[in-house]
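Single-structure report; data block below.
Just so you know, ligand 1 is whichever comes first in the structure, and atom 1 is the first atom listed for that ligand.
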Amino acid sequence: MAQGNAEFFAKKREWSLVKDALLRCYLAPYFMKILCTGRPLIYVDCFAGKGKFDDGNSGSPIIALETFQEVLQKSTVQPQKKSIEAYFVELDYPDELKKNLEPYHKHDPSLKIFVNPGNYEEQILRILHGKKGMNLFLYLDPYGVKHLDLEFLGSFSSNSGNRKFRSTEFLLNFNSHGFLRVACQFLKIDFPNEVSWEYLTEYDNSLDIPQNKTEKMLNRVAGGDYWKDMVRHYYDENKRFYDLEEDFTQEYCKQLRKYYSYVLNIPIRVKESHSPKYRMIYATNHPDGAVLMADNIYKRKGEMHEMQLRGQQILFGLDYDNHNIKEVVKNYLLTVNKLQRLNLVKANFFNIYGVFCNSSEFSNMCKTLEKNGDLEVIRNPATTESGKSSIFWAEKESEGRTIELRWKN
Ligand SMILES: C[S@@+](CC[C@H](N)C(=O)[O-])C[C@H]1O[C@@H](n2cnc3c(N)ncnc32)[C@H](O)[C@@H]1O
């Protein structure tokens, strides 16, 4: 077992708190929505860990189980219609994990908990074998990138022909530095001192791969060999490594969009470097999920900013100022020339430009454009109970409240 492994679970690091919050704050509203569909949820934590850190902090399995239990208690859906199976795959610590999850088995009969000792690649196929029509959520938090075959990840998509899932989403901890570190080593390229590899990739095991298998592994992970030209170009042109990491991540997300309609990411930055420590990447085919996650990402970005202001270690760079955001949103809306559901418009915006505002700020910008006569907005219901024109900007599909909009020519 790698030494980093034991070290990892000794103490929860501050940047992991952002990762945990991202998971917790998405799972609660996501699961609430899924319960209303009456279809089962299969949740798989593919690199589950021990369940608990040695300092007493909860790991991702306990975070998820506590969230599920809270939602199950609050939900008004009939008990027989509630169903969730939570699987926890772990290679090195299955016994500790089992022990740490024992108290959670008793809580709610709708929640079934399984620990799967072994490799993620094998276990996930076993777990999903013969399953149809359910909602699938995968959480992937490996040390490095070597297990992350992009095509394999794509094969779980509800858009993929051989799968019969109602919906698939995943949240992935993608160690872009780990990838680029191995790529640079393979290409024999040495970026100048600006990169603190050790710091950025402390628990990475991707370097354990034999040299003759490295190229294949990198191609599998990246979903192509575009990374070679990218790394060479940045090196030859004397460009910044930080920009390479950003561009590489964007290209990686583009590859994932072959399988998932919406792919969002949040960089988790740490003080010693302005480059992200890692990226949390989220993929879905559902616009509502994308908007939910965009709001979550935006909140987490704000929290990181606060942490920095309080002198803690995480850095956050604002990418657009307020004026620019308005311009970017307006220019994007100019392209919406056919009526489209508001959530679809928002999800596409976050997918193309990234998360630089939240969905209610986006709605407020639309509101101003509607007042100025630039946007046509069709609301259902069009009038209130007292017969006045509807002016709401929040969709509630479950109550039949929807919004469509387009730019007026
Ligand atoms: C970064 S840790 C996960 C931490 C966990 N998400 C948490 O919040 O506590 C990665 C875990 O993956 C496990 N692991 C390593 N290779 C694996 C594989 N091929 N399949 C499943 N688990 C693996 C390691 O033993 C380790 O516990």
(request) Would you mind listing which atoms of ligand 1 come within a distance below 4.0 Å of any non-hydrogen atom of Phe9? (result) 9 (O), 27 (O)

(message) Ignoring hydrogens and geometry beyond distance, is a side-chain donor-acceptor pair present between Asn337 and Arg406 at under 3.5 Å?
(response) no

(message) Please list, in number order, the atoms of ligand 1 under 4.0 Å from a heavy atom of Gly49.
(response) 27 (O)

(message) I'd like to know if Glu90 and Lys50 make a salt bridge, using a cut-off of under 4.0 Å between side-chain N and carboxylate O.
(response) no

(request) Check each atom of ligand 1 against the heavy atoms of Asp92 and keep those under 4.0 Å away; list them by number with element. (result) 25 (O)

(message) Within the 4.0 Å heavy-atom shell around Gly118, which atoms of ligand 1 are there?
(response) 20 (N), 21 (C)

(message) How about CZ on Arg401, more than 12 heavy atoms from neighbouring residues, nucleotides or ligands closer than 6.0 Å, or not?
(response) yes

(request) With heavy atoms under 4.0 Å as the rule, classify the contact between Ser16 and ligand 1 as side chain, backbone, both or neither. (result) neither

(message) Closer than 4.0 angstrom, basic N to acidic O: yes or no for Lys19 and Asp141?
(response) yes

(message) Heavy-atom contact check, 4.0 Å cutoff: does Ser58 meet ligand 1?
(response) no

(request) Show which atoms of ligand 1 fall inside a sub-4.0 Å distance from at least one heavy-atom site of Asn119. (result) 18 (C), 19 (N), 20 (N)

(message) When you compare ligand 1 with Tyr139, is there at least one nitrogen or oxygen pair between them that comes in under 3.5 angstrom?
(response) no

(request) Decide, yes or no, whether a salt bridge links Arg341 with Glu395 under the criterion of side-chain N to carboxylate O below 4.0 Å. (result) yes

(request) Please say whether Tyr120 places an N or O atom under 3.5 Å from an N or O atom belonging to ligand 1. (result) yes

(message) I'd like to know if Glu327 pairs up with Lys330 as an ion pair, taking the criterion as any Lys NZ or Arg NE/NH1/NH2 lying under 4.0 Å from an Asp or Glu carboxylate oxygen.
(response) no

(request) Using distance alone, decide if ligand 1 has a nitrogen or oxygen within less than 3.5 Å of any nitrogen or oxygen in Tyr93. (result) no

(message) Less than 4.0 angstrom from a charged side-chain N to a carboxylate O is my criterion; do Arg379 and Glu370 meet it?
(response) yes

(request) Output yes when the distance from some N or O of ligand 1 to some N or O of Glu90 is under 3.5 Å, and no in every other case. (result) yes

(request) Check whether the side chains of Glu169 and Tyr26 place a donor and an acceptor atom closer than 3.5 Å, and report yes or no. (result) yes

(request) Check each heavy atom of Lys50 against ligand 1 and say whether those closer than 4.0 Å belong to the side chain, the backbone, both or neither. (result) neither

(request) Report yes if some N/O of Lys12 lies less than 3.5 Å from some N/O of ligand 1; otherwise report no. (result) no

(request) State whether Arg300 and Glu303 are salt-bridged, where the test is any N-O pair (Lys NZ or Arg NE/NH1/NH2 against Asp/Glu carboxylate O) under 4.0 Å. (result) yes

(message) If you take the nearest heavy atom of each of Gly59, Pro94, Cys46, which one is closest to atom 9 (O) of ligand 1?
(response) Gly59

(request) Kindly state whether the ring of Phe47 and the ring of Tyr143 have centres lying under 6.0 angstrom apart. (result) no

(message) Within the 4.0 Å heavy-atom shell around Phe53, which atoms of ligand 1 are there?
(response) 9 (O)

